[in-house]
Colleague: 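Input: one structure, supplied below.
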Amino acid sequence: MSSSRDAMLHRIRHAVANGVRQSQHPTESAAYEVHDQLDAPQRIAQFAHRVEEYKAWVGECDTSAVARMIAQRLAVHGHRTLVLPHDFVQMWRPEGYELIEDDHLPAAHIAASDGVISTCALGIAQTGTIVLDGGVGQGRRMLTLLPDYHCCVVPASLVVGTVPEAFARLESVIGDRRAPMTFISGPSATSDIELNRVEGVHGPRTLEVIIVRDA
Amino acid sequence: MKPDSVIIELSPRFEVGAKKALQNTQLRRNMGKATQTIRAKRSAVVDEKSDWQALREAGWQIKADVMAQLDTYLVQLEAAVTAAGGVVHWARDAREANHIVTELIRQTGTNEIIKVKSLTTDEIRLNEHLEEAGIQAIETDLAELIIQLANEKSSHILVPAIHKNRSEIRALFQKAMNLPDLTDEPKALAAAARQYLREKFMSVKVATSGANFAIAETGSVCVVESEGNGRMCLTMPDVLITVMGIEKILPKWQDLGVFMQLLPRSSTGERMNPYTSIWTGVTPGDGPQQFHLVLLDNGRTSVLADAVGRQTLHCIRCSACINICPVYERTGGHAYGSVYPGPIGAILTPQLVGTAHASSLPYASSLCGACYDVCPVKINIPEVLVHLRGQVVAEKQKTLAGALDVEAWGMQGLATVFANRRAYEAAQSAGRLAQWPFVNDGYIDQGPGPLAAWTAMRDLGAIPQQSFRSWWRERQKHEQ
């Protein structure tokens, strides 16, 4: 296939030979918004509001109350058996539920659980997005994909204002460990039937977000 | 040069397909409702971004830079993907790409794959090629599944089943999934698809996908989606094969920060789409342990060589131009006879396969310019349409029939007349006298001779009794 490679590169060089080479990559001079104008509480409020607009439930509490809030949510849904990453913070784990740490669990076991609890790498306020990068408390991608319920704990300090800020922060993650990433904005949805957004196709049909106030 | 491409599916001329589509009232109702919904959603989330024009400009500039240094960035991408444990393949055309993918699947010993919705694989007709090789490709996007079950062609790049309403979809699912009691509630329809495909996600070993973006400096590939079928295909199988047009590349990681704002807002009219997956080569213990990236040319380097047409390669397949187009809204996507319908298809298809093979598409537009206004990467679609019309005419004139063509002579005569004031005014007076048998309420709706073809689709305003020039002359006389 190296001949195809050479042929394609040759065709490209031939195609751009007539004077379009002067172009410059514009990142440095770009005029779009990189930082928002909000203070920290406003930013958290915007994040919560925009996640809710995707029809996800959002709660907010202190770090000491996280375990209790998760337990309350699980009770609401009647969930009993939850999977979670092995490095999910101990003090946030709800009591009285069957919690299964992901230690090479077969996919079928993960899919058969009532739900998954995880934390995240980042939150983006302007778009109501959660970013997972496989870091501490997040587990491998399959873990937060197969169960029908996902409860995500988001420390307020991890919420950035804008999409460009998020990519700036994630640059080191890509550079250091080439981690796969998933951006999640609300529960699984489709607009394929008459262009109406319907929640719940293949990913978790219920997404719940617990924002942890800064200590 | 005509690439070994298979874009045109039905290849009637646009006006033939359009005429047929316009007679389907159900289609027109479905299309009108869907495009109005999506336009309203888009404008709401675009209007709330005060820096939208700056984002569009950044999008344009990044893509212009990509086109200018495409060879450098592709080589950089290849090195980064390889360093991360992936394998890069180069395919000059559809045939090569299909061959590569088929061989990769054969090596795994499987005869069934799951697919993430991908226009690029539609363009090369991967599914049909695989079927001939005895491999079944299962579409996992809801709309693609609907189209596959109905044995139809896509009519929209983002929502291929946009021409179908819920009751039509219910009837299809009832039969294919053996669910006689299924209702036409969108929620119930989505749940049926979830159940139908879950078993496939859990068992099939090979997946194929397209790519929305790939980052040259990091080797990361990005797929933007809604349903989670993308996450499933990108996470669950052992082997992942991604087919990507060479123009999808972005130079820097930071560039995603621009395009991940432009794309979702322009596409589904959301601040952000539900799921975006970004992966870099292979990650031990997480996702497919074999990753192949197929870089596809298939006519793109020909587009790149055209100074006016090259901006077409900026396209990020958002579909904003399709949703805003008054022509598309009425005809639907099938009339375009291509994987790529609407305004972007009207410029992309003829460039990929050559204007000789899609000569009617550059005319599938009123040149109103709404597509240019909504394009998140500022592709001047009307400019390219006019440029391609020029090419179509030039090609025609090269043939004997073209050289003897009445229209060509007429246009040349008009050019002479329009260039000279006296000749123009004389022609106007003559026309005013000659037109009377054809004028109906100030319009000519059925012209004589060669004009008949033109007036078959439009009404021609009659030459008024007094021209502006003569009115002005009279006015000047009175004022003196």
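Not measured: the values here are computed from a predicted model. So that the names make sense, note that chain A is the first sequence line, chain B the second, and so on, each numbered from 1.
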Colleague: Go through the side-chain N and O atoms of A/Ser188 and B/Glu227 and say whether any donor and acceptor fall under 3.5 Å apart.
Modeller: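 No.
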Colleague: Relative to chain A, which segment of B/Val45 carries a heavy atom at a distance below 4.5 Å: side chain, backbone, both, or neither?
Modeller: neither
Colleague: Need one label for A/Thr129: side chain, backbone, both or neither, based on atoms under 4.5 Å from any heavy atom in chain B.
Modeller: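 Side chain of A/Thr129 only, per the 4.5 Å heavy-atom cut-off to chain B.
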Colleague: Short question: side chain of B/Arg194, backbone of A/Gly203 - any donor-acceptor pair under 3.5 Å?
Modeller: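 Such a contact is found between B/Arg194 side chain and A/Gly203 backbone.
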Colleague: Rounded at 0.5 Å granularity, tell me how far CE in A/Met8 sits from CG in B/Asp93.
Modeller: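 Result: 9.5 Å between the selected atoms.
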Colleague: For the side chain of B/Tyr275 and the backbone of A/Ala189, is there at least one donor-acceptor N/O pair under 3.5 Å apart?
Modeller: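 No.
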Colleague: Nearest 0.5 angstrom please: A/Arg11 CZ to B/Leu70 CG, how far?
Modeller: 12.5 Å
Colleague: Going by atom types only, do B/Thr280 and A/Arg178 share a side-chain donor-acceptor pair under 3.5 Å?
Modeller: no
Colleague: Looking at A/Ile12, is its backbone amide N or carbonyl O close enough to the side chain of B/Asp71 to form a donor-acceptor pair, meaning the two atoms are under 3.5 Å apart?
Modeller: no
Colleague: Where do A/Arg205 and B/Ala191 come nearest, in terms of heavy atoms and distance?
Modeller: NH1-CB, 4.1 Å
Colleague: Under 4.5 Å from any heavy atom of chain A, what part of B/Ala188 do you find: side chain, backbone, both or neither?
Modeller: neither
Colleague: Just so I know, are the side chains of B/Met272 and A/Val163 near enough to count as touching, which here means a heavy-atom distance under 4.5 Å?
Modeller: yes
Colleague: Using a 4.5 angstrom heavy-atom cutoff, name the option from B/Arg198, B/Met260, B/Gln53, B/Lys33 with the most pairs to chain A.
Modeller: B/Arg198
Colleague: Would you find a donor on one side and an acceptor on the other, under 3.5 Å apart, between the side chain of A/Arg140 and the backbone of B/Gly285?
Modeller: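 Pair absent, no side-chain N/O of A/Arg140 close to backbone of B/Gly285.
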Colleague: Counting heavy-atom pairs closer than 4.5 Å to chain A, which one of B/Pro186, B/Gly281, B/Pro274, B/Ser226 comes out on top?
Modeller: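 Counting heavy-atom pairs under 4.5 Å, the top option is B/Pro274.
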Colleague: Heavy-atom pairs under 4.5 Å with chain B: which of A/Thr182, A/Leu132, A/Val131 has the most?
Modeller: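 Looking at each option in turn, the highest pair count goes to A/Thr182.
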Colleague: Treating B/Asp286 as the side-chain partner and A/Arg141 as the backbone partner, does any N or O pair qualify as donor plus acceptor under 3.5 Å?
Modeller: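 Yes; at least one donor-acceptor contact below 3.5 Å.
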Colleague: Taking B/Glu217, B/Lys164, B/Glu270 one by one, which has the highest count of heavy-atom pairs under 4.5 Å against chain A?
Modeller: B/Glu270
Colleague: Answer with side chain, backbone, both or neither: which region of B/Met236 has an atom nearer than 4.5 Å to a non-hydrogen atom of chain A?
Modeller: side chain
Colleague: Give, as side chain, backbone, both or neither, the part of B/Leu142 having an atom under 4.5 angstrom from any heavy atom of chain A.
Modeller: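 For B/Leu142, the contact with chain A is made by backbone and side chain together.
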Colleague: Against chain A, work out which of B/Arg300, B/Glu78, B/Arg56, B/His163 has the most heavy-atom pairs shorter than 4.5 Å and name it.
Modeller: B/Glu78
Colleague: Specify which of A/His10, A/Glu165, A/Glu53 makes the most heavy-atom pairs with chain B at under 4.5 Å.
Modeller: A/Glu53
Colleague: Pick one of side chain, backbone, both or neither for A/Asp102, based on which atoms fall under 4.5 Å of a heavy atom in chain B.
Modeller: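 Looking at A/Asp102, nothing touches chain B.
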Colleague: Identify the heavy atoms of B/Arg310 and A/Ala15 that sit nearest to each other, and give their distance.
Modeller: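 Heavy-atom minimum between the residues: NH2-O, 3.5 Å.
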Colleague: Using non-hydrogen atoms and a 4.5 Å limit, figure out which bit of A/Leu146 sits close to chain B: side chain, backbone, both or neither.
Modeller: both
Colleague: At a heavy-atom distance under 4.5 Å, which candidate from A/Arg50, A/Gln126, A/His104 has the highest pair count against chain B?
Modeller: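 The answer is A/Arg50.
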Colleague: Please determine, among B/Asn273, B/Ile215, B/Asn30, B/Ile246, the option with the most heavy-atom pairs under 4.5 Å with chain A.
Modeller: B/Asn273
Colleague: So do the side chains of A/Tyr54 and B/Arg271 get within less than 4.5 Å of each other, counting heavy atoms only?
Modeller: yes
Colleague: Side chain, backbone, both or neither: which part of A/Pro204 has a heavy atom under 4.5 Å from chain B?
Modeller: both
Colleague: Begin from the C-alpha positions of A/Asp6 and B/Arg92 and carry the test salt bridge (Lys or Arg N to Asp or Glu O under 4.0 Å) through to its verdict.
Modeller: CA-CA 10 Å; A/Asp6 293 345; B/Arg92 279 175 290 190; over 6 Å; no
Colleague: Where does A/Leu170 contact chain B at under 4.5 Å (heavy atoms): side chain, backbone, both or neither?
Modeller: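 Interface part for A/Leu170: both.
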Colleague: If I measure from the heavy atoms of chain A, does B/Leu74 come under 4.5 Å with its side chain, its backbone, both, or neither?
Modeller: side chain
Colleague: Looking at B/Glu103, I want to see if its CD is surrounded by more than 12 non-hydrogen atoms of other residues, nucleotides or ligands under 6.0 Å.
Modeller: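 It does: B/Glu103 CD has more than 12 such atoms within range.
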Colleague: Rounded to the nearest 0.5 Å, how far apart are CD of A/Gln37 and OG of B/Ser50?
Modeller: 8.5 Å
Colleague: Measuring from atom CZ of A/Phe183 to atom OG1 of B/Thr276, what distance do you get when rounded to the nearest 0.5 angstrom?
Modeller: 7.0 Å
Colleague: Quick one: pull up CG in B/Leu256 and CZ in A/Phe167 and give me the separation to the nearest 0.5 Å.
Modeller: 4.5 Å
Colleague: Distance-only, no hydrogens or angles: does the B/Trp253 side chain make a donor-acceptor pair with backbone N or O of A/Ile174 under 3.5 Å?
Modeller: no
Colleague: Out of A/Leu9, A/Leu145, A/Asp133, which one racks up the most heavy-atom pairs below 4.5 Å with chain B?
Modeller: A/Leu145
Colleague: Start with the C-alpha distance between B/Lys187 and A/Glu199, add both sets of side-chain angles, then the distance that settles salt bridge (Lys or Arg N to Asp or Glu O under 4.0 Å), and finish with yes or no.
Modeller: CA-CA 7 Å; B/Lys187 222 176 178 119; A/Glu199 282 69 34; 5.0 Å; no
Colleague: When heavy-atom pairs shorter than 4.5 Å are enumerated against chain A, which of B/Glu225, B/Glu144, B/Arg231 gives the highest number?
Modeller: B/Arg231
Colleague: Against chain B, label A/Val201 side chain, backbone, both or neither, depending on which of its atoms sit under 4.5 Å from a heavy atom there.
Modeller: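 For A/Val201, the contact with chain B is made by backbone and side chain together.
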Colleague: Taking atom types as modelled, is there a side-chain donor on A/Ser4 or B/Glu96 under 3.5 Å from an acceptor on the other?
Modeller: yes
Colleague: Checking heavy atoms, do the side chain of B/Leu145, its backbone, both or neither come under 4.5 Å from chain A?
Modeller: neither
Colleague: So do B/Cys222 and A/Met181 actually touch side chain to side chain, heavy atoms under 4.5 Å?
Modeller: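 No, too far: nothing below the 4.5 Å cut-off.
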Colleague: CD1 of A/Ile193 to CG of B/Asp184: how many Å apart, nearest 0.5 Å?
Modeller: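 Answer for the CD1-CG pair, A/Ile193 versus B/Asp184, is 9.5 Å.
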